[in-house]
Amino acid sequence: KINSKTDLKAGLRYEYTNTNLGSEEQPNVVDRQYGSWFPSVFLSRKLSEKQNLNASYSRRITRPSIRRLAPWLIFSDPTTLEGGNPALQASFTDALKLDYGFKSWHFGVSYSIEHGPMRFVPMVDPVTNRQVNSYENLRNEKVASASLSFPLHPMPWWDIQNNFFVNAREINFALEGQNLQIRNVDYGFNTTQTFRL
């Protein structure tokens, strides 16, 4: 507790990963061990009786599943195969978030960058016309988001909770020797109506 209006919480976590995948014919197709540190910081500030501000930073990991690592092919149909990628690595995400609250209204913005995100990448062999679907590590994925939530009370027996959001996403990767970038913006709104009978 920094003072009567400001709270700070910080943590540091260590995770050790040991992954081994193989068969009797092909042992140790994947054999890796690694450790990672994961810091987190949360800062809360009471601006007034009706206003508060929260900021946070955290780091997280997404590990590849065994199915995504296994290199053996599965036939979906005569021209489509699905297989794993033993070179697939875990991805790490750094995330920042800022929230402002006024009474029961809440406004938040966030930004995250995922290094080496695992994404489905289809590849077509022009000679056999077969498509092989597998997962690859892309360069990075950046996401900026904003959200607003607030209640309304039109009648004593009627409560409404409203939520607006917008997300801007950017994915950077290389495919067949070319640097590519995909950008997308999505937005939405949802509302919940509660009636007291």
Side-chain angles (χ1 to χ4, degrees), residues 1-21 28 30-70 84-121 134-150 163-174 179-188:
K1 198 168 185 64
I2 296 175
N3 55 45
S4 61
K5 294 185 176 181
T6 309
D7 290 335
L8 176 67
K9 186 186 293 183
L12 184 63
R13 188 178 77 255
Y14 178 79
E15 292 188 11
Y16 179 77
T17 303
N18 183 351
T19 304
N20 186 276
L21 173 66
N28 301 323
V30 177
D31 187 21
R32 63 176 73 126
Q33 299 83 32
Y34 57 92
S36 306
W37 291 97
F38 298 94
S40 61
V41 180
F42 301 91
L43 182 65
S44 177
R45 172 77 176 174
K46 188 175 181 180
L47 304 176
S48 70
E49 287 300 318
K50 298 178 180 179
Q51 299 180 79
N52 61 75
L53 193 64
N54 299 300
S56 67
Y57 162 78
S58 63
R59 188 169 191 254
R60 61 182 181 268
I61 184 174
T62 303
R63 297 176 182 84
S65 65
I66 294 298
R67 181 181 176 123
R68 292 183 181 181
L69 287 171
N85 178 3
L88 197 63
Q89 301 292 319
S91 67
F92 294 86
T93 303
D94 293 290
L96 293 165
K97 190 173 183 182
L98 182 66
D99 290 308
Y100 169 74
F102 176 73
K103 294 184 179 179
S104 54
W105 288 59
H106 295 280
F107 175 71
V109 292
S110 63
Y111 176 80
S112 67
I113 178 167
E114 184 178 4
H115 306 277
M118 294 171 277
R119 295 294 181 268
F120 191 71
V121 179
S134 66
Y135 283 86
E136 300 283 341
N137 288 106
L138 306 185
R139 190 167 296 136
N140 59 52
E141 180 175 359
K142 303 172 185 177
V143 180
S145 303
S147 63
L148 174 65
S149 65
F150 58 92
N163 300 286
F164 292 88
F165 68 88
V166 60
N167 302 310
R169 188 180 309 271
E170 177 185 293
I171 302 176
N172 298 288
F173 61 102
N179 291 324
L180 301 172
Q181 185 179 84
I182 296 175
R183 290 183 175 178
N184 180 54
V185 176
D186 64 273
Y187 53 89

When rounded to the nearest 0.5 angstrom, what distance separates CE in Met118 from CG in Leu88? 5.5 Å

Distance only, no hydrogens: is a donor on one side chain within 3.5 Å (strictly under) of an acceptor on the other, for Tyr100 and Gln51? yes

To the closest 0.5 Å, what do you measure between CG (Leu47) and CG (Leu53)? 5.5 Å

Gln89 side chain vs Ala87 backbone, donor-acceptor pair below 3.5 Å: yes

How about Lys103: does its NZ atom have over 12 heavy atoms from other parts shown lying under 6.0 Å from it? no

Quick check: do Leu180 and Arg139 have side-chain heavy atoms less than 4.5 Å from each other? no

Neighbour count above 12 (heavy atom, 6.0 Å) for Gln33 CD: yes

Intermediate values then yes/no, side-chain contact (heavy atoms from CB on, under 4.5 Å), Tyr111 and Asp94: CA-CA 8 Å; Tyr111 176 80; Asp94 293 290; over 6 Å; no

Quick check: are there more than 12 heavy atoms from other residues, nucleotides or ligands sitting under 6.0 Å from CZ of Arg119? yes

Chi angles and distances behind the side-chain contact (heavy atoms from CB on, under 4.5 Å) call for Asn167, Asn184: CA-CA 8 Å; Asn167 302 310; Asn184 180 54; over 6 Å; no

Between Arg169 and Glu114, is there a side-chain N and carboxylate O pair less than 4.0 Å apart? no

Phe173 side chain near Asn137 side chain, heavy-atom distance below 4.5 Å: no

Might you point out which heavy atoms bring Pro86 and Gly84 nearest each other, and give the distance in Å? CD-O, 3.9 Å

Find out whether His106 and Asp99 are in side-chain contact, i.e. whether some heavy atom of one side chain is under 4.5 Å from a heavy atom of the other. no

Could you label the plane-to-plane angle of the Phe120 and Tyr135 rings as parallel, tilted or perpendicular, counting under 30° as parallel and over 60° as perpendicular? perpendicular

Evaluate the side-chain contact (heavy atoms from CB on, under 4.5 Å) criterion for residues Asp7 and Phe42: first the C-alpha distance (whole Å), next the side-chain angles of each, then the deciding distance (0.1 Å), finally the verdict. CA-CA 8 Å; Asp7 290 335; Phe42 301 91; over 6 Å; no

Interatomic distance, NZ@Lys1 vs CG@Leu8, rounded to 0.5 Å, equals 11.5 Å

Qualifying residue, where the test is side chain to side chain contact (heavy atoms under 4.5 Å, CB included) with Pro117 and the options are Asn172, Leu138, Thr93, Ile171: Leu138

Could you give the distance from OG (Ser112) to NZ (Lys97), rounded to the nearest 0.5 Å? 11.0 Å

Identify the heavy atoms of Ala90 and Tyr34 that sit nearest to each other, and give their distance. CB-OH, 3.5 Å

Mind checking the CZ-OG spacing from Arg13 to Ser36? Nearest 0.5 Å is all I need. 9.5 Å

Close side-chain approach of Tyr187 to Phe164, heavy-atom, < 4.5 Å: no

Please evaluate residues Arg45 and Asn3 with respect to the criterion side-chain contact (heavy atoms from CB on, under 4.5 Å), reporting the C-alpha separation (whole Å), side-chain torsions for both, the decisive distance (0.1 Å), and the verdict. CA-CA 10 Å; Arg45 172 77 176 174; Asn3 55 45; 3.6 Å; yes

Can you find a pair of side-chain heavy atoms, one from Phe92 and one from Phe38, that are under 4.5 Å apart? yes

Heavy-atom side-chain proximity of Tyr57 to Pro39 below 4.5 angstrom: yes

Output for pair (Ser91 OG, Asn140 CG), nearest 0.5 Å, gives 11.5 Å

